**Q** 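Structure provided below as structure tokens; questions to follow.
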Amino acid sequence: MRKSILTLGIAAVLTGVLATCSMTYAADDELAQIQESGKLKVGVEGTYPPYTYHDDNGELTGFDVEVAKAIADKLGVEADFTESDWDSLLAGIDSGRLDTVINAVSITPEREEKYDFAGPYFYITQQIVVAKDNDDIVDMASLDGKKVANTATTAYLDILEDAGASLVQISTADEAVSLIESGRADFTTFNSVVFNEYLQQHPDANLKVAFEIPDVVDTYAVPIKKGETALYDAVQNAIDELKEDGTLSKLSEDYSGTDFTQPQDENADNTDTASEDASAESTDEN
């Protein structure tokens with residue numbers, strides 16, 4: 001009888017130890033699970049060229065798609081992409097449906113409360129874009145009382161609302177353009193790379209750059225759920241290696257025509273040139 005009780009006690013202790021180990025594995029070692037599965041679950045929009053979009057053959061491609069593949073390769077796994085609307089992507093990390101989102105994700109104080117950001121790996125300025133016949137919007141002060149077409153989770157919402165603008169919520173850039181062209185919104189935001197790409201695909205677009213948001217450099221990075229230190233370190237090391245070997249610079253030049261992978265102070269001339277190109281292209285359509 002005593003032997004049976006002792007055996008049961010030992011079994012209970014072992015069960016508790018195993019359960020604790022299992023919980024620790026689940027909570028603290030997402031990297032091990034990723035490597036065991038052979039897949040890094042990455043969220044993307046798939047409708048945001050040149051970062052994530054579908055080519056003429058319907059294949060998912062873009063700068064961030066290639067960045068994700070390169071990071072996954074460094075981790076010894078493959079990138080497994082899930083496409084969704086922007087506003088639901090980061091929630092996928094929270095629920096565990098995604099390991100990360102690599103889709104021009106800006107670093108913001110609010111997001112830093114929930115995620116650790118590996119990187120940054122891309123630096124770009126942001127532009128205010130309006131209809132060609134709109135001469136009212138010329139600076140931040142002129143945004144007061146105007147309507148901005150953008151997502152509810154845009155990194156610039158606080159800045160725009162502080163300037164007096166009100167949000168007209170959209171899911172895609174095409175929706176934003178449609179609202180501006182119909183007069184239901186006054187402006188939207190594009191970075192110079194995305195606006196250049198949009199104008200190339202829509203040369204007759206009734207759009208122009210009004211001005212560049214001052215003193216703002218958008219930095220893109222890879223969000224990792226807080227507490228996943230092993231995964232964060234592995235992704236950060238991967239980004240560092242991809243910077244050092246020139247992979248990121250080449251990808252940026254391939255998809256954006258310029259190397260935007262260096263901090264703004266080192267890349268100011270290139271960024272200014274790209275912004276001027278975007279403005280020139282839109283002005284040429286007048």
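What you see is a predicted model, and the numbers here were worked out from it, not measured in a lab.
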**Q** Are I137 and L143 side-chain neighbours, meaning at least one heavy-atom pair lies under 4.5 Å?
**A** yes
**Q** For the CG atom of D233 and the OG1 atom of T229, what is their distance to the nearest 0.5 Å?
**A**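 Between D233 CG and T229 OG1, I get 6.0 Å after rounding to 0.5 Å.
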**Q** Would a hydrophobic clustering, with Ile, Leu, Val, Met, Phe, Trp and Tyr connected at side-chain separations under 4.5 Å, put Y51 with I71?
**A**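 Yes, it is one cluster - the side chains of Y51 and I71 are joined through contacts under 4.5 Å.
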**Q** Which atoms form the tightest heavy-atom contact between A205 and Y198, and what is the distance?
**A**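 Heavy-atom minimum between the residues: CB-CE2, 3.9 Å.
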**Q** Answer with yes or no whether the hydrophobic clustering places F195 together with V138; edges join I, L, V, M, F, W, Y residues whose side-chain heavy atoms lie under 4.5 Å apart.
**A**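 In one cluster with F195: V138, no.
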**Q** Would you check if there is a donor-acceptor pair between the side chains of T100 and Y115 at a distance under 3.5 Å?
**A**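 Note: Y115 and T100 side chains miss the donor-acceptor criterion.
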**Q** I'd like to know if the side chain of K41 and the backbone of I34 have a donor-acceptor N/O pair within less than 3.5 Å.
**A** no
**Q** Do I124 and Y220 come close enough that some side-chain heavy atom pair is under 4.5 Å?
**A** yes
**Q** Check the side chains of E181 and N206 for a donor-acceptor pair under 3.5 angstrom, ignoring hydrogens and angles.
**A**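 Short answer, no.
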**Q** Going by distance alone, is a donor N or O of one side chain under 3.5 Å from an acceptor N or O of the other, for D240 and Q236?
**A** yes
**Q** Take D158 and E110 through the side chain to side chain contact (heavy atoms under 4.5 Å, CB included) test and state the conclusion after the steps.
**A** CA-CA 11 Å; D158 288 345; E110 293 77 16; 3.5 Å; yes
**Q** State, to 0.1 Å, how close F187 and K146 come at their nearest heavy-atom pair, and which atoms those are.
**A**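 Minimum heavy-atom separation between F187 and K146: CE2-CB, 3.9 Å.
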**Q** For a quick test of reading the model, state the closest non-hydrogen atom pair linking A165 to V148 and the distance between them.
**A** CB-CG1, 4.3 Å
**Q** With a 4.5 Å cut-off on side-chain heavy atoms, are Y232 and K226 touching?
**A** no
**Q** Without swapping roles, check the side chain of D64 against the backbone of T52 for a donor-acceptor pair under 3.5 Å.
**A**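 Such a contact is absent between D64 side chain and T52 backbone.
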**Q** Do the rings of F63 and F122 sit parallel, tilted or perpendicular, given the 30° and 60° boundaries?
**A** tilted
**Q** With hydrophobic residues grouped by side-chain heavy-atom distances under 4.5 Å, do L167 and V216 end up in a single group?
**A** yes
**Q** Walk me through whether N237 and K74 qualify under side chain to side chain contact (heavy atoms under 4.5 Å, CB included).
**A** CA-CA 9 Å; N237 288 337; K74 291 288 185 181; over 6 Å; no
**Q** Where the side chain of S252 meets the backbone of S249, is there a donor-acceptor pair that is under 3.5 Å apart?
**A** no
**Q** Apply salt bridge (Lys or Arg N to Asp or Glu O under 4.0 Å) to K250 and D245, showing your working.
**A** CA-CA 10 Å; K250 185 179 185 306; D245 66 17; over 6 Å; no
**Q** Verify, without hydrogens or angle tests, whether K208 (side chain) and N134 (backbone) share a donor-acceptor contact under 3.5 angstrom.
**A** yes
**Q** Side-chain contact test, heavy atoms from C-beta onward, threshold under 4.5 Å: evaluate it for Y255 versus V65 and give yes or no.
**A**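 The answer is no, as the side chains (C-beta and beyond) never meet within the 4.5 Å cut-off.
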**Q** Under 3.5 Å, is there a donor-acceptor pair between the side chain of S37 and the main chain of Q33?
**A** yes
**Q** Looking at side-chain heavy atoms only, is the closest gap between E30 and I224 below 4.5 Å?
**A** no
**Q** Atom CD in E66, atom OG1 in T61: separation rounded to 0.5 Å?
**A**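 Here the rounded value is 5.0 Å.
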**Q** Would you say the side chain of K114 lies within less than 4.5 Å of the side chain of I93, judging by non-hydrogen atoms?
**A**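 No, too far: nothing below the 4.5 Å cut-off.
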**Q** Nearest 0.5 Å, please: how far is CD in Q126 from OG1 in T154?
**A**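 The distance works out to 7.0 Å.
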**Q** Verify, without hydrogens or angle tests, whether T258 (side chain) and F260 (backbone) share a donor-acceptor contact under 3.5 angstrom.
**A**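 No, T258 side chain to F260 backbone: no donor-acceptor pair under 3.5 Å.
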**Q** For residues V105 and L89: do they belong to one hydrophobic cluster (side chain heavy atoms under 4.5 Å, members Ile, Leu, Val, Met, Phe, Trp, Tyr)?
**A** yes
**Q** Are there more than 12 heavy atoms of other residues, nucleotides or ligands under 6.0 Å from atom NZ of K39?
**A**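 Atom NZ in K39 is not crowded, with 12 or fewer foreign heavy atoms closer than 6.0 Å.
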**Q** Rounded to the nearest 0.5 Å, what separates atom CZ in F190 from atom CD in Q127?
**A**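 The distance works out to 9.5 Å.
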**Q** Might you work through the side chain to side chain contact (heavy atoms under 4.5 Å, CB included) test for I213 and I128, ending with a clear yes or no?
**A** CA-CA 7 Å; I213 298 178; I128 300 297; 3.9 Å; yes
**Q** Any heavy-atom pair between the side chains of I107 and E112 that's under 4.5 Å?
**A**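 Result yes, sub-4.5 Å side-chain heavy-atom pair found.
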**Q** What I'd like to find out is whether the side chain of R111 reaches to under 4.5 Å of the side chain of F117, using heavy atoms alone.
**A** yes
**Q** If you take all heavy atoms of G227 and D116, which pair is closest and at what distance?
**A** N-OD2, 4.2 Å
**Q** Working to the nearest 0.5 Å, report the span between CD of E212 and CE of M140.
**A** 12.0 Å
**Q** Using side-chain hydrogen bond (donor to acceptor under 3.5 Å, both in side chains) as the criterion, point out the one residue from N191, D218, T219 that pairs with S106.
**A** D218
**Q** For E59, what residues pass the side chain to side chain contact (heavy atoms under 4.5 Å, CB included) criterion, not counting sequence neighbours?
**A**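 Listed in chain order: D55, N57.
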**Q** Between the side chains of T172 and D174, does any donor sit under 3.5 Å from an acceptor?
**A**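 No, no side-chain donor-acceptor pair sits under 3.5 Å.
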**Q** T153 pairs by side chain to side chain contact (heavy atoms under 4.5 Å, CB included) with which of N150, T151, L157?
**A**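 Per the side chain to side chain contact (heavy atoms under 4.5 Å, CB included) rule, the option paired with T153 is T151, out of N150, T151, L157.
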**Q** Please give me the minimum heavy-atom distance between T188 and A149, naming the atom from each residue.
**A** OG1-O, 2.7 Å
**Q** Supply the atom-to-atom distance L248 CG to Y121 OH, rounded to the nearest 0.5 angstrom.
**A** 9.0 Å
**Q** What verdict does the side chain to side chain contact (heavy atoms under 4.5 Å, CB included) test give for S178 and R184, after you've listed the backbone C-alpha separation in whole Å, the side-chain angles of each residue and the deciding distance to 0.1 Å?
**A** CA-CA 8 Å; S178 176; R184 289 175 291 168; 3.8 Å; yes
**Q** Looking only at heavy atoms, which two atoms of L98 and V42 are closest? And how far apart?
**A** CD2-C, 4.1 Å
**Q** Is there a path of hydrophobic side-chain contacts, each under 4.5 Å between heavy atoms of I, L, V, M, F, W or Y residues, that connects L160 with I170?
**A**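 The answer is no; the residues belong to distinct hydrophobic clusters.
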**Q** Does E244 have more than 12 heavy atoms from other residues, nucleotides or ligands lying within 6.0 Å of its CD?
**A**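 Open: at most 12 neighbouring heavy atoms sit under 6.0 Å from CD of E244.
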**Q** Taking distance alone, no hydrogens or angles, what donor-acceptor pairs closer than 3.5 Å link side-chain atoms of residues 76-85 to residues at least two apart or in another chain?
**A**
unit_1: E83; atom_1: OE1; unit_2: H54; atom_2: NE2; d: 2.8
unit_1: E83; atom_1: OE2; unit_2: H54; atom_2: NE2; d: 3.1
unit_1: S84; atom_1: OG; unit_2: S88; atom_2: OG; d: 2.4

